[in-house]
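Letters go in sequence order (proteins before strands), and every chain restarts at 1.
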Amino acid sequence: MYHLIIDYFQMNSGRFLTMLTDHFRISLCSLLAAVLIGVPAGFCCVRFHVLQKPVSTAFGILRIIPSLAILLLMLPVLGTGAVPAAIALILLAIPPILENTIAGLRDVPPFLLETAGGMGMTGRQVWMRVRFPLALPLILTGMKTAAVEIIASATLAARIGAGGMGDLIFTGIGLFRTDLLLIGGISVALMSFSAGIFFHLLEKIILKYKRF
Amino acid sequence: MAHAIEFQNVTKTFQGSLRNAVDHINFTAEEGEFITILGSSGCGKTTLLKMINRLYEPDTGKIILFGEDISSMNPVKLRRRIGYVIQQIGLFPHMTVGSNIAMVPNLLKWEKEKTDARVDQLLTMAGLAPEEYRNRYPAQLSGGQQQRVGLARALAADPKIMLLDEPFGAIDSITRARLQEELLTLHRGMKKTFLFVTHDIEEAFKLGTRVMIMNEGHILQFDTPEQIILHPADGFVSSLVESAREKERFWEKFK
Ligand SMILES: Nc1ncnc2c1ncn2[C@@H]1O[C@H](COP(=O)(O)OP(=O)(O)OP(=O)(O)O)[C@@H](O)[C@H]1O
Ligand SMILES: [Mg+2]
């Protein structure tokens with residue numbers, strides 16, 4: 001087995017790197033898009049009360065549907081390739097980001113908001129200088145959850161032709177090649193793990209005040 | 001010379017409430033006075049205070065600061081000219097002590113050197129060595145130190161009026177007594193008008209140049225501590241004074 005894995009890397013390191021970067025790229029793009037949608041949507045839900053129920057219900061339902069199902073449901077609508085896969089991943093990643101943004105913005109203690117207003121901050125300044133910074137820890141947690149989910153689900157995205165580590169895993173399944181399965185599986189696990197570490201470090205750096 | 005604060009027939013009713021939280025209130029306060037507002041829970045002290053910086057709007061009547069009707073002023077600008085401290089202090093946990101104190105100067109776009117100098121000056125005044133405390137976070141301070149920073153922050157842009165809503169309510173009695181002394185010293189050194197809400201009668205009489213006694217949205221008496229003790233306006237006030245005397249006698253027994 002060990003030999004097989006060594007052999008694989010000797011002969012296919014270029015191919016491996018392509019799959020790794022494809023996997024990384026689609027995950028990163030999906031995460032960024034999910035943040036760009038999820039955080040403003042969360043803000044709107046807290047700012048305009050009427051929106052909260054319908055929006056969170058919609059994404060709540062989305063959350064129950066398994067990621068593979070979302071991927072396959074995309075097929076007839078958008079066909080195959082990286083774009084429909086990314087859309088499915090984005091849909092998957094929005095709920096944790098949205099929910100955490102809402103919780104973070106909503107749970108800022110009222111007396112802090114009152115002090116902020118009482119000191120003469122404008123409504124906008126209260127959002128930018130108090131509410132968002134105080135919601136940031138929860139928003140980052142949501143992003144971490146989303147990143148881990150995206151990296152795992154991007155494996156399935158290979159099924160609709162998006163490339164990535166999933167290619168290797170599905171090939172391994174098809175050919176009964178345990179070595180390929182191991183390489184693919186461990187790579188995905190390591191990517192997930194690195195994403196977790198990355199967010200952990202990010203929190204440590206930008207949320208200095210949380211240390212005390 | 002206009003009064004620092006003038007209330008003209010001010011009434012505030014909250015929606016769904018049958019009673020006026022603040023009921024046809026008239027009073028004036030002069031520059032440099034230290035006014036304590038005393039009354040039991042729910043009598044309208046906080047409501048009265050929050051109408052001054054327009055966190056609440058009165059339903060009827062006028063509030064005039066230094067001759068200017070506040071209803072015609074921009075609320076944001078008004079608030080930047082008034083110091084405001086609450087019981088929960090409300091220091092921003094994600095900002096250092098220095099940034100907390102610099103908040104209003106920054107909102108007013110002061111130059112950085114001026115703001116930094118002001119922060120150090122205020123920290124020193126609050127008895128906190130600037131080099132040591134400037135870059136700490138609020139969570140790294142004791143309750144008493146946090147309240148000192150809260151006061152320093154409210155004083156940062158040198159407001160003429162300070163609104164203090166039970167600032168020492170959650171602080172142990174020894175620290176509280178020390179903070180009271182510090183506040184008195186602070187007030188003596190500047191020509192500011194303080195409005196200080198409390199429901200501790202000793203605190204009210206110790207700090208106030210005049211004491212406003214409220215009940216159910218009304219002002220029962222507004223006078224110097226001596227006058228209130230010598231000539232209580234009605235039964236409620238005399239029972240309040242009596243209850244303080246009672247406490248005094250309790251401690252006398254152990255002398
Ligand atoms: N935001 C609000 N909405 C509705 N009713 C309110 C609101 N704020 C205060 N009230 C009511 O107005 C009355 C006066 O409240 P206020 O907070 O001014 O009392 P207080 O004297 O500050 O009491 P405490 O000593 O407990 O702080 C109370 O009956 C209270 O229930
Ligand atoms: Mg109150």
For [X], is the [atom1] atom crowded, meaning more than 12 foreign heavy atoms sit under 6.0 Å from it?
{"X": "A:F132", "atom1": "CZ", "result": "yes"}
{"X": "A:F193", "atom1": "CZ", "result": "no"}
{"X": "A:M128", "atom1": "CE", "result": "no"}

- Query: For chain A, which residues from residues 137-168 of chain B have at least one heavy atom closer than 4.5 Å to it?
  - Reply: B:Y137, B:A139, B:Q140, B:R153

- Any residues in residues 123-136 of chain B near chain A, with a heavy-atom distance under 4.5 Å, and which are they? none

- With distance as the sole test, does B:R79 use its side chain to make a donor-acceptor pair with the main-chain N or O of A:M119 at under 3.5 Å?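 Side chain of B:R79 to backbone of A:M119: no pair is present.
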
- Task: Between chain A and each of B:I86, B:N74, B:T96, count heavy-atom pairs under 4.5 Å; write down the option with the most.
- Result: B:I86

- Task: Count the heavy-atom pairs under 4.5 Å between each of B:K50, B:H94, B:R54 and chain A, then report the option with the highest count.
- Result: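 Maximum pair count with chain A is reached by B:H94.
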
- Going from CD1 on B:I89 to OG1 on A:T115, what distance comes out if it is rounded to the nearest 0.5 angstrom? 10.0 Å

- Message: Using every non-hydrogen atom in the two residues, find where A:L134 and B:P93 come nearest and quote the distance to one decimal.
- Response: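 For A:L134 and B:P93, the tightest heavy-atom pair comes out as CD2-CG, 3.6 Å.
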
- Message: Assess the residue pair A:E114 and B:Y84 against the criterion (side chain to side chain contact (heavy atoms under 4.5 Å, CB included)); give the C-alpha distance rounded to whole Å, side-chain angles, the decisive distance to 0.1 Å, and a yes or no.
- Response: CA-CA 10 Å; A:E114 191 198 288; B:Y84 184 46; 2.6 Å; yes

- Considering only heavy atoms, which portion of B:L108 lies under 4.5 Å from any heavy atom of chain A: side chain, backbone, both, or neither?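 B:L108 has no heavy atom closer than 4.5 Å to chain A.
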
